[in-house]
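Working notes, beginning with the structure itself.
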Amino acid sequence: MPAQENNARQQLATLGSKWSKTKFLLKNPTLRKYVPDTSLYSYDALLQMLNKHKVVYVKPVKGTSGNGVIKVVKHNNTKFAYHAGTSPRSFATYKEMFTSLEQTKYKGEHIVQKGIDLLTYKGLIFDLRIMVQKNEKKQWEVTAYIGRLAHPKKAVTNFHNGGTPMPLEALLRSYLSEDKNTKYIQSLKDLGFRIATEFHKSYPKFMEIGIDFGLDSSLKPWIIEVNTRPDAYIFDQLKDKKMFQRVIFLKRFHGLISSSRFRKKTRKQ
C-alpha cells in the first residue's frame with residue numbers, strides 16, 4: 001500500500017463512522033443547517049424521533065453502500081412499520097416493531113436520522129452524489145456529480161443496492177428550467193466544495209470526499225452522508241465518461257487506486 005494512501009487511511013480511521021462525521025458537521029455553523037436531525041439509536045431515541053418526524057432511517061454507524069439501512073415509519077399509535085431490503089413489515093405497537101427491528105438490523109452501533117421527503121422521478125425517489133478531490137496541484141476540485149434513482153422495491157438509492165445512476169440534469173428537468181438547472185447544480189457543487197474544505201481543516205491528509213445529498217420539495221439540499229472513502233465506479237455508469245475518467249485519474253495520481261485494482265473492478269461491472 002502506498003505510504004500516502006496508508007497515512008490517509010490512518011487519519012480517516014478517526015472519522016470512519018457516520019456518527020463521528022455527523023457530529024463534525026453539527027459543530028460547523030455554516031454546515032449544520034444542511035444536516036437532518038440525527039441521534040444515536042436506542043429504544044427511547046427511536047421512539048422520540050418517530051414521534052417527532054414520523055419517518056426516520058436507522059443506519060449502521062459503519063455500514064457502506066446503503067447496506068443495513070432501514071426505513072422506519074410511525075403511521076399512528078396503532079401502526080408502526082419498517083422497510084428493510086425489499087420487505088416492508090407492519091406492527092400494531094412500537095414495542096412489537098422494535099423487537100422485530102432488533103432481530104433484523106445489523107449488529108453494532110446505529111444512528112437514527114430524520115427521513116427527508118425526497119424528490120421523485122417517475123414515482124421513484126432520488127438523491128445525488130458529489131465527488132470532490134484534490135487535483136494535481138493539491139487544490140480541491142469538484143470532479144463529478146450524479147443522480148441516483150431508487151430501486152422500485154427499496155428505500156435506498158445506492159447503486160450497489162439496486163439503484164439506477166442517472167444524469168442529475170435529467171432527474172431535475174421536471175423541477176427546473178434548463179437555465180435554472182445549470183445554476184442549481186453549480187450551487188450543489190459549491191456546497192460539496194465547502195464541505196470538503198471544512199473537513200480538510202481538521203483532517204488535512206485525505207485526498208477525496210463523496211457527499212450524498214437528498215433534495216426536499218423546496219429543493220433544499222440535505223447531507224445524507226459524507227463518504228471519506230468514496231467509490232468512483234458509479235460514475236462509469238454514465239454515457240459520458242469524462243467525469244469518471246477524471247475521478248480515476250486523480251485516484252491514481254494520489255496513489256489511492258492501482259491500475260490492477262481498476263482493471264479488476266471494471267471487469268466486474
Side-chain angles (χ1 to χ4, degrees), residues 2-38 59 61-62 64 111 113 116 127-148 158 168-169 172 181-216 218-235 242-257:
Q4 190 173 37
E5 181 179 2
N6 188 46
N7 290 339
R9 288 185 183 279
Q10 287 177 350
Q11 186 181 72
L12 290 175
T14 61
L15 200 60
S17 80
K18 293 181 178 69
W19 182 234
S20 297
K21 287 179 276 192
T22 299
K23 288 191 293 183
F24 178 88
L25 291 167
L26 289 172
K27 289 178 182 178
N28 189 293
T30 64
L31 299 179
R32 68 164 64 106
K33 64 183 178 181
Y34 301 106
V35 182
D37 190 11
T38 308
K59 303 180 178 183
V61 159
K62 294 186 178 180
T64 60
I111 59 171
Q113 192 170 76
I116 306 303
D127 61 15
L128 64 115
R129 162 72 61 89
I130 300 283
M131 188 80 165
V132 193
Q133 297 173 280
K134 286 287 187 70
N135 61 23
E136 301 91 329
K137 297 179 180 179
K138 293 190 176 181
Q139 297 174 339
W140 286 111
E141 177 185 326
V142 177
T143 51
Y145 60 91
I146 195 169
R148 310 185 304 179
N158 303 73
L168 183 56
E169 290 86 350
L172 290 173
N181 199 328
T182 301
K183 292 179 181 178
Y184 180 69
I185 290 175
Q186 183 59 52
S187 73
L188 294 173
K189 292 164 66 177
D190 292 344
L191 179 55
F193 182 89
R194 196 186 322 163
I195 292 168
T197 54
E198 289 300 327
F199 267 88
H200 181 74
K201 291 176 183 178
S202 297
Y203 302 91
K205 290 186 178 180
F206 74 89
M207 296 290 166
E208 58 184 13
I209 196 168
I211 308 106
D212 297 335
F213 289 107
L215 308 177
D216 66 18
S218 66
L219 292 177
K220 177 179 177 177
W222 293 91
I223 303 170
I224 296 175
E225 187 172 348
V226 174
N227 303 275
T228 45
R229 297 177 187 174
D231 187 351
Y233 296 92
I234 184 174
F235 301 106
K242 289 179 183 178
M243 289 192 291
F244 174 67
Q245 290 165 356
R246 181 62 175 160
V247 170
I248 290 298
F249 172 81
L250 289 177
K251 276 183 171 287
R252 286 173 171 167
F253 182 84
H254 293 298
L256 299 177
I257 190 171

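The first residue of the sequence shown is numbered 1, and numbering continues consecutively from there. These figures come from a predicted structure and were not determined experimentally.
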Query raised in the report: Pick from R229, K134, K251: which one makes a side-chain hydrogen bond (donor to acceptor under 3.5 Å, both in side chains) with E208?
Result: K251

Requested in this report: Check ring pair (Phe, Tyr, Trp, His ring centres under 6.0 Å) between W140 and all other residues, then give those that pass, not counting sequence neighbours.
Outcome: H200, F206

Query raised in the report: Less than 4.5 Å apart, any side-chain heavy atom of M207 and any of F253?
Result: no

Query raised in the report: With a 4.5 Å heavy-atom cut-off, do I185 and Y145 have their side chains touching?
Result: yes

Query raised in the report: What's the spacing between K189 NZ and L168 CG if we round to 0.5 Å?
Result: 10.5 Å

Query raised in the report: Between atom CZ of R194 and atom CG of D190, what is the distance when rounded to the nearest 0.5 Å?
Result: 7.5 Å

Query raised in the report: Hey, which of V142, I223, L31, I211 is the one that makes side-chain contact (heavy atoms from CB on, under 4.5 Å) with L191?
Result: L31

Query raised in the report: Say you draw a straight line from CD of Q113 to CH2 of W222; how long is it, rounded to the nearest 0.5 Å?
Result: 10.0 Å

Query raised in the report: Closest approach of G210 and P230, non-hydrogen atoms and distance?
Result: N-CG, 3.7 Å

Query raised in the report: Which pair of non-hydrogen atoms, one from L250 and one from Q133, has the smallest distance, and what is that distance?
Result: CB-NE2, 3.7 Å

Query raised in the report: So, do T38 and K18 sit near enough that their side-chain heavy atoms are less than 4.5 Å apart?
Result: no

Report task. Can you see which heavy atom on L219 is nearest to which on Y184, and at what distance? Result -> O-OH, 2.5 Å

Report summary line: d(I195 CD1, L25 CG) to nearest 0.5 Å is 6.5 Å

Requested in this report: Looking only at non-hydrogen atoms, find the nearest pair between V247 and F235 and report the distance.
Outcome: CG2-CD1, 4.4 Å

Report task. Let me see the working for D212 and R148 under side-chain contact (heavy atoms from CB on, under 4.5 Å), right down to the final yes or no. Result -> CA-CA 10 Å; D212 297 335; R148 310 185 304 179; 3.4 Å; yes

Query - Spacing of K220 atom NZ and L215 atom CG [to the nearest 0.5 Å] - result: 12.0 Å

Requested in this report: Please round to the nearest 0.5 Å and tell me the distance separating atom CG of L188 and atom CD1 of I130.
Outcome: 5.5 Å

Query raised in the report: For G214 and I224, which heavy atoms make the closest approach, and how far apart are they?
Result: N-CD1, 3.4 Å

Report summary line: Scanning both residues in full, the closest heavy-atom pair of F24 with E198 reads CZ-O, 3.4 Å

Query raised in the report: Does E141 pair with R246 as a salt bridge, N-O distance under 4.0 Å?
Result: yes

